[in-house]
Amino acid sequence: MPEGPEVETIRRGLAEYVTGQHIAGVDVLFARSFAADRELVERVVVGAAVSSVHRRGKVLILELDSGWVLLIHLKMTGQIILVKADGGRLAGGHPNESMAADLPDRSTRVVLSFASGKKLYFNDQRKFGWMRLVPKSELAEDLSIRNLGPEVLGTDFSLEYLRGQLKRRAGSPIKAVLLDQTVMAGVGNIYADESLHLSRIHPARRAGSVSPAESARLHLAIRDIITAGIEHGGTSFSHYVDSLGGKGDYLDQTRVFRREGTACGVCGSTIIKTRVAGRGTHYCPKCQPLPKVRKTPAT
DNA sequence: CACTTGACCTGTCCGC
DNA sequence: TGCGGACAGGTCAAGT
């Protein structure tokens, strides 16, 4: 579920609440969510303190003072929920749940207990998410990190770089390129649709057909949309609540995502939902036209 | 190599 | 109300 802006929002919450906290215990309720040897966990996690919290793409990086890092990927349905020592929910969780903590629940996969009494619950309904331990010295080479493209808000995500990637992936639908984490890190399905609408490019266009002017619009749009997402604290719906405890409100702001059947805010045409690159895809047929007809009428 | 598809899971929603 | 099927925000491995 979470894309770059959601993960960044969670990162900020974690940085505030767990930096400097000592980890007193680790409970793994579902083994594949945190496939680490118990002996290793006891040696490098239990008793260690969280020295800082980082993010790369959609991966959360908790740096421990043991020389190891704890990586977390939330995939589709992962959540981080922080609970105070007295059991009251400090942050995170499902918007429909009461604030009274009744955790762990059936989707809790891992629990970190801090010496202060705070607890961090890693909930993940669909079990796609994971936590992993990596020596800090090997972080850059880790499989989850090493193939990631530049952060879209970083200086190395230049227009020139984007143009090169569009050329390399000329045969793919532009939407597939935006979702490819080796091209750029942090963009997911929502922000891909939003960026393409803002830059007025049809999601099924081949990347190679995108003009220089369109590329420039797209480059700007991706940065603007991701920035807005972070400013609004991420997108909030079924599974997402940021770890500061407030709901993100970006979904209220979307231009096309989950707005099929409603009027485009720019031109008033009806937003369409279709399937591109195997993913649910929303766009405005008037703002984002296909330049050439896909199926030629028989004549 | 570039690109597509299926698999990983559980839950929900929609049509019959 | 129950049941089958499609679908859900992300990545991989394996296929063409």
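Letters go in sequence order (proteins before strands), and every chain restarts at 1. Only heavy atoms go into these numbers, but all of them, side chains included; no hydrogens, no water, no symmetry mates.
- Between His73(A) and dT11(C) there is a side-chain N or O to OP1 or OP2 distance below 4.0 Å.
- Judged by distance alone with a 3.5 Å cut-off, no donor-acceptor contact links the side chain of Arg169(A) to the base of dA2(B).
- Atom-to-atom, CG of Asp124(A) to C1' of dC9(B) comes out at 9 Å; the value is rounded to the nearest Å.
- Going from atom NZ of Lys127(A) over to atom C1' of dA7(B) covers 15 Å, rounded to whole Å.
- Ring pair His219(A)/Phe157(A): centre-to-centre distance below 6.0 Å.
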(request) Given side-chain hydrogen bond (donor to acceptor under 3.5 Å, both in side chains), test Ser52(A) with Glu63(A) step by step and report yes or no. (result) CA-CA 5 Å; Ser52(A) 53; Glu63(A) 188 175 333; 3.2 Å; yes
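- Of the candidate nucleotides dG11(B), dC7(C), dG10(C), dG10(C) has the atom nearest to the side chain of Glu3(A).
- For the pair Arg56(A) and Glu151(A), the salt-bridge criterion is met [side-chain N within less than 4.0 Å of a carboxylate O].
- Rounded to whole angstrom, the span from the CG atom of Asp180(A) across to the P atom of dC1(B) amounts to 15 Å.
- The aromatic ring of Phe128(A) is not stacked on the base of dC9(B), since the criterion of ring centres less than 5.5 Å apart with planes inclined by under 30° is not met.
- Between dA2(B), dT11(C), dG10(C), one nucleotide has an atom nearer to the side chain of Arg168(A) than all others, and that is dA2(B).
- Out of dT4(B), dG10(C), dC9(B), the shortest distance to the side chain of Lys75(A) is found at dG10(C).
- Rounding to whole angstrom units, CD of residue Gln165(A) and C1' of dC3(B) are separated by 15 Å.
- Arg109(A) comes within 4.0 angstrom of no nucleic acid atom, judged by non-hydrogen atoms across all strands.
- With the nearest nucleotide of DNA chain B identified for both Arg106(A) and Ser172(A), Ser172(A) has the one nearer the 5' end.
- Using a 4.0 Å heavy-atom cutoff across all strands shown, Ala277(A) reaches no nucleic acid atom at all.
- Remark: aromatic rings of His202(A) and Tyr283(A) are close, center separation under 6.0 Å.
- Considering only side-chain atoms of Arg126(A), the nucleotide from dC8(B), dA8(C), dT11(C) that sits closest is dA8(C).
- Nucleic acid contact class of Gly280(A) (heavy atoms, under 4.0 Å, all strands): sugar-phosphate only.
- OP1 or OP2 of dG10(C) has at least one side-chain nitrogen or oxygen of Lys58(A) nearer than 4.0 Å.
- Atom CE in Met76(A) sits about 14 Å away from atom P in dC9(B), given to the nearest Å.
- Taking side-chain N and O atoms only, Lys273(A) has a distance below 4.0 Å to OP1 or OP2 of dA8(C).
- With rounding to whole Å, Gln79(A) atom CD is found 16 Å from dT10(B) atom P.
- Comparing the P positions of dT11(C) and dC1(B) gives a spacing of 22 Å, expressed to the nearest Å.
- Using N1 to N3 plus N6-O4 or O6-N4 for Watson-Crick, or N1-O2 and O6-N3 for G-U wobble, each under 3.5 Å, dC9(B) pairs with nothing.
- At least one side-chain heavy atom of Arg168(A) sits under 4.5 Å from a side-chain heavy atom of Val183(A).
- In this entry the distance linking CG of Leu60(A) with P of dG10(C) reads 15 Å, nearest Å.
- One atom, CG of Asn147(A), and another, P of dT11(C), lie 13 Å apart when rounded to the nearest Å.
- Side-chain contact check for Ser51(A) and Asp65(A): no donor-acceptor pair (N or O, by modelled atom type) lies under 3.5 Å.
- Each of dT4(B), dT11(C), dC9(B) was ranked by its minimum atom distance to the side chain of Arg279(A); first place goes to dT11(C).
- Listed pair Gln125(A) / dC9(B) fails the phosphate criterion, with no side-chain N or O lying under 4.0 Å from OP1 or OP2.
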